[in-house]
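Below is one structure, written out as structure tokens; comments come after it.
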Amino acid sequence: MATDKVLLEVLNNRFTGIVEEMGYIIHRASFTVFVKETWDFDSALVTTGGEIFCYPRNIGVTNMLGMHMDDAIRCIPHYEPGDVIVTNDPHRTRGMCTHLPDIMMFRPLFAGGRLLAFAWCFIHSSDVGGLVPGSISPTAFDKFQEGLSIPPTKLFKAGVLNQELLDLILANCRIPEQNWGDMKALVAALSVCERRMDDVLARYGEEAIRSAIPALLEYGERRARQIFAAVPDGAYEFWDYIEGDLFARYHVRVKVRVEVQGSDVHLDFTGTDPQLRAALNITSYGKPNQWLVLGIVNYLRTTDRSLPLNRGILRPVRVTVPPGSLLNPLPFVATGVRHAAGYRVSDAVLGALSQAVPGQIPAAGAGQVAIVLLSHLDPETGQYRVNVLQPMQGGCGGRPTRDGIDGVNFSAGSLRNVPTESIELEAPVFVRRYMLADDVAPGRHRGGAGVVFDFQVNAPNTIITARGMERFHVRPWGRKGGAPGGLGQTVVNPGTRGERASGKIDVLKLEPGETVRIVSPGGGGYGDPFERDPELVRGDVANGFVTPEEAAERYGVVLRDGAVDAGETRRRRERRASAAAEFDFGAERDAYERRLPPAVQDAVAAELLGHPGSYRHFLKEQVYAALEANGPADLDPVALRERVRAILKSIQLGAAAERGAREDARGPAPAP
């Protein structure tokens, strides 16, 4: 039965109302700060084959549209009314879940005694056990350090609670009461969804609904193809870096080749660095995982704001992701900080796509969300209390037509900040300062400002974790002559004799009275700063983003008594030759790539594909160190590949020699 276009639009809006009502229920009924204040949750309607066919526009994190549930659905051999399945396992769901704190639930929906669809929702739990309070440490090196793993299992079977499973889950986390409160909010949302879908079925009939579901996905695909068809055909390459300072000697490269042919898009991540013995891996199983397509989804939604939100819009997109790489690792790697890699993937994809549509995509934003979390022991019960203090975003990149947004990163803009009153009510802290940073990247449209967050702890046994800190060493790139953005920083006890720069936080133990200052990165600028409207520069001076001296130096704008000196500004700007580099990556990245040119990184990445995935990161670090010691930059591609092979062979020979030495030390084997 073909679905009438008017009816299709009506049903799409009815479905949207249902999934958004689910979101509001989760928001209102949840217990933890990270759900009820920061809004780290989501909801959707999903086909029996695992594709999202309706997704909320206005509530939740809104970055899960690329998720595919097919493998998780197949984990359950039989569904019946009243079932609720719970899971958080990235490996058994083959990438539906992407790290253990995302507790997901889904419920089968029936019509006429037959399976019709699934209702799905999730919350980010503030603790699921594991190595540290909050469960996530950037330096965790396997998933077993990250908490309890729940394969897809029925939490409710035909409406009856599986109490033994629930007890097992709650016994393995630090905040069982809060976690069960959040989980009950998910169950409530799923129950309401079932009732609302029954109402829609009663109103429009089973046949109409069954026909509308695939029709909505086909409609989304057609609309997306119209957008992709307007992008010039071609292949566009880009790469960016995740910083390796907490776990490695070298940065981790994310490389992508975006190939556009007609209305088809191919994201080829060949050349991306190997999987890590750290928590930044993205478990995709080679699918167009939600983190791999985040940049594409954002581009589509921005280009056409009336676009239907369903997974049909991603049907034109395919991906190539080498197994054993950061973005398609072998099982059981740590994935807790996968969002840090995901934002860098988005930056790289948009950097490539911006070469095809240069007037549509901003400069790089902060590219991070550092979830600052505080835990302490309750003085009366001795139990843990775990609270998210802030999701520390940074500024957006300058846009082709206007400035970057201050304090918000495009890729994670759906996450809300936590009000200071809530922080001080829930946790033993005093917030000294929460404001915009006073430095922004110059451009015709300046970069968005980062955020400064100062807080004092007031209890003993306090631990701070802050997963996802990035852009401390490699700046967000500027575009079309705009300057790169600012770097992040962390300082303990600023302005005192005990002041110390702590760098990125993994686990930070503090005494009562100690203060932490966290500054998030600012976005890059867009366009030549000497083309910025002088009145906007005057406003920047008034707002404290630049001094009058910096206005003259960076923008060529001369101020006299707080007003623009138009004549002197014109003369100063005319004396300077225009400089409009396509990308400005900053001095730090330029210096890194002089040490390890991109051609060297390409050669190493290609050779590592012939080695076991779990060894590649170790081998990469060894090869880079050897190449740096011998200066590879002047080698032609053939000679470079030969040198890389020789280094890899010597590493293998060294390992074999070490094994031989151990065997010699043990003496000859006993006679049979």
*For a salt bridge (charged side-chain N to carboxylate O under 4.0 Å, His left out) with Asp528, tell me which candidate from Arg444, Arg554, Arg576 qualifies.*
Arg576
Over all heavy atoms of both residues, which pair between [X] and [Y] is shortest? Give the atoms and the distance, please.
{"X": "Glu607", "Y": "Arg641", "value": "OE2-NE, 2.6 Å"}
{"X": "Pro484", "Y": "Ala441", "value": "O-CB, 3.3 Å"}
{"X": "Thr283", "Y": "Asn289", "value": "O-ND2, 3.4 Å"}

Check for a donor-acceptor pair, side chain of [X] on one end and backbone N or O of [Y] on the other, with a separation under 3.5 Å.
{"X": "Asn281", "Y": "Leu276", "answer": "yes"}
{"X": "Glu146", "Y": "Ala140", "answer": "no"}
{"X": "Gln368", "Y": "Glu470", "answer": "yes"}
{"X": "Asn88", "Y": "Ile150", "answer": "yes"}
{"X": "Thr272", "Y": "Lys255", "answer": "yes"}
{"X": "Ser263", "Y": "Phe228", "answer": "no"}
{"X": "Gln393", "Y": "Asn409", "answer": "yes"}
{"X": "Gln355", "Y": "Glu237", "answer": "yes"}
{"X": "Arg475", "Y": "Gly485", "answer": "yes"}
{"X": "Asp403", "Y": "Arg446", "answer": "yes"}

_Strictly by salt bridge (charged side-chain N to carboxylate O under 4.0 Å, His left out), give each pair with a member in residues 88-97 just once, sequence neighbours left out._
Asp71-Arg94, Asp89-Arg92, Asp89-Lys143
Would [X] count as a cation-pi partner of [Y], with NZ or CZ less than 6.0 Å from the six-membered ring centre and within 45° of the ring normal?
{"X": "Arg589", "Y": "Phe585", "result": "yes"}
{"X": "Arg253", "Y": "Tyr241", "result": "no"}
{"X": "Arg479", "Y": "Phe583", "result": "yes"}

_From Phe618 atom CZ to His611 atom NE2, the distance as rounded to the nearest 0.5 Å_ = 12.0 Å
*Measure the CD-OG1 distance between Gln275 and Thr335 for me, rounded to the nearest 0.5 Å.*
12.0 Å
Donor-acceptor pairs under 3.5 Å, side chain of residues 293-300 to any protein atom, not counting sequence neighbours: which ones?
{"from": "Tyr299", "atom 1": "OH", "to": "Gln360", "atom 2": "OE1", "distance (Å)": "3.0"}

*What residue pairs, at least two apart or across chains, pass side-chain hydrogen bond (donor to acceptor under 3.5 Å, both in side chains) with a residue in residues 319-331?*
His266-Thr320
_Is it the case that atom OH in Tyr592 sees more than 12 heavy atoms from other parts of the structure closer than 6.0 Å?_
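Correct, the count exceeds 12.
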_Exceeds 12 heavy-atom contacts within 6.0 angstrom, atom CD of Glu582_ =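 Enclosed.
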Regarding [X] and [Y], is there a side-chain donor-to-acceptor distance under 3.5 Å anywhere?
{"X": "His617", "Y": "Asp273", "value": "no"}
{"X": "Asp240", "Y": "Trp477", "value": "yes"}
{"X": "Tyr250", "Y": "Glu628", "value": "yes"}

*asked:* Parallel, tilted or perpendicular: which one describes the rings of His445 and Tyr526, with boundaries at 30° and 60°?
replied: tilted
*Classify the angle between the aromatic ring planes of Tyr285 and His91 as parallel (below 30°), tilted (30 to 60°) or perpendicular (above 60°).*
perpendicular
_Proximity of Trp239 and Phe269 rings by center, below 6.0 Å_ =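 Between Trp239 and Phe269, the centre distance exceeds or equals 6.0 Å.
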*Hey, would you say the His99 and His339 ring centroids sit under 6.0 Å apart?*
no
*asked:* Can you confirm whether Met64 sits close enough to Met104 that some side-chain heavy atom of one is under 4.5 Å from a side-chain heavy atom of the other?
replied: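 Yes; the side chains approach each other to less than 4.5 Å.
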*asked:* In the structure I gave you, are the side-chain heavy atoms of Met67 and Ile52 within less than 4.5 Å of one another anywhere?
replied: yes
*Begin from the C-alpha positions of Glu51 and Arg315 and carry the test salt bridge (Lys or Arg N to Asp or Glu O under 4.0 Å) through to its verdict.*
CA-CA 10 Å; Glu51 288 186 283; Arg315 286 180 172 178; 2.9 Å; yes
